[in-house]
Amino acid sequence: MKNFFLGFFIILTLSACKDSAKDPDTSTVKQETPKSQDDITKVTVTDRYGDEMEIMTNNTKNTVVVRLNGQSYELKKNIENPSFSTNDNKYQFTETKYEVTFLKKDADMVLFHAKKEKPTTKMASQ
């Protein structure tokens, strides 16, 4: 009789363990975050007084976000010239190969002007 109950208990245990240990309702769901296809560059420029300006350029949308003194300015590409300006045309941002200028147009005041660091690598003379 003991063998009968022992056999019955083993069969019951094996039949109860057919399901996986993981509950399908509690499985981990991975959400993929869409990656931006925009070409964005971020540069921090320091002027001779030690003030810093952070420049984030989105080459795909032709916009620039300038952060200066705790304020952010979003500027868009001008069609007429190679600079960027705000929608209300109060601020203008110009960037050349070695200089950065950010000015307030209605007051004719330069808010930030700095020279970029030149690359230190030198080409071999030919």
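Reckoned from all heavy atoms, side chains included, excluding hydrogens, waters and symmetry mates.
More than 12 non-hydrogen atoms from other residues, nucleotides or ligands lie less than 6.0 angstrom from CG of D106. Shown here is K105, whose NZ atom has more than 12 heavy atoms of other residues, nucleotides or ligands within 6.0 Å.
Here the closest heavy-atom approach between residue T46 and residue A114 is recorded as O-CB, 3.8 Å. Nearest heavy-atom pair, E74 versus T86, reported as atom, atom and distance to 0.1 Å: O-CG2, 3.7 Å. The two residues N87 and K76 have their closest heavy-atom pair at OD1-CD, 3.8 Å.
Here the OG1 atom belonging to T41 is positioned 9.0 Å from the CD1 atom belonging to I55, to the nearest 0.5 angstrom. A distance of 9.5 Å separates NZ of K90 from OH of Y73, quoted to the nearest 0.5 Å. D39 contributes atom CG, which lies 5.0 Å from atom OG1 of T60 (distance to the nearest 0.5 angstrom). With values rounded to the nearest 0.5 angstrom, Q92 atom CD is found 9.0 Å from T101 atom OG1. How far CG of N89 is from CG of L75: 10.0 Å, rounded to the nearest 0.5 Å. Interatomic distance, S83 OG to K77 NZ, rounded to the nearest 0.5 Å: 7.5 Å.
Note on L68 and V65: separate hydrophobic clusters, where clusters join Ile, Leu, Val, Met, Phe, Trp and Tyr whose side-chain heavy atoms are under 4.5 Å apart, directly or indirectly. Following chains of ILVMFWY side-chain contacts shorter than 4.5 Å, one cannot reach V66 starting from Y49, and the two form parts of different hydrophobic clusters. If you chain together hydrophobic residues whose side chains sit under 4.5 Å apart, V100 and M56 never meet in one group. By the rule that hydrophobic residues join a cluster once side-chain heavy atoms approach within less than 4.5 Å of another member, Y91 and M109 end up as members of one cluster. Y98 and M53 are assigned to two separate hydrophobic clusters, defined by single-linkage of ILVMFWY side chains at heavy-atom distances under 4.5 Å.
The aromatic rings of F93 and F84 lie tilted to each other, with the angle between the two planes from 30° to 60°.
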Quick one: do D47 and H113 satisfy side chain to side chain contact (heavy atoms under 4.5 Å, CB included)? Show the steps, please. CA-CA 6 Å; D47 67 357; H113 178 77; over 6 Å; no
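No side-chain heavy atom of L103 sits less than 4.5 Å from a side-chain heavy atom of L111.
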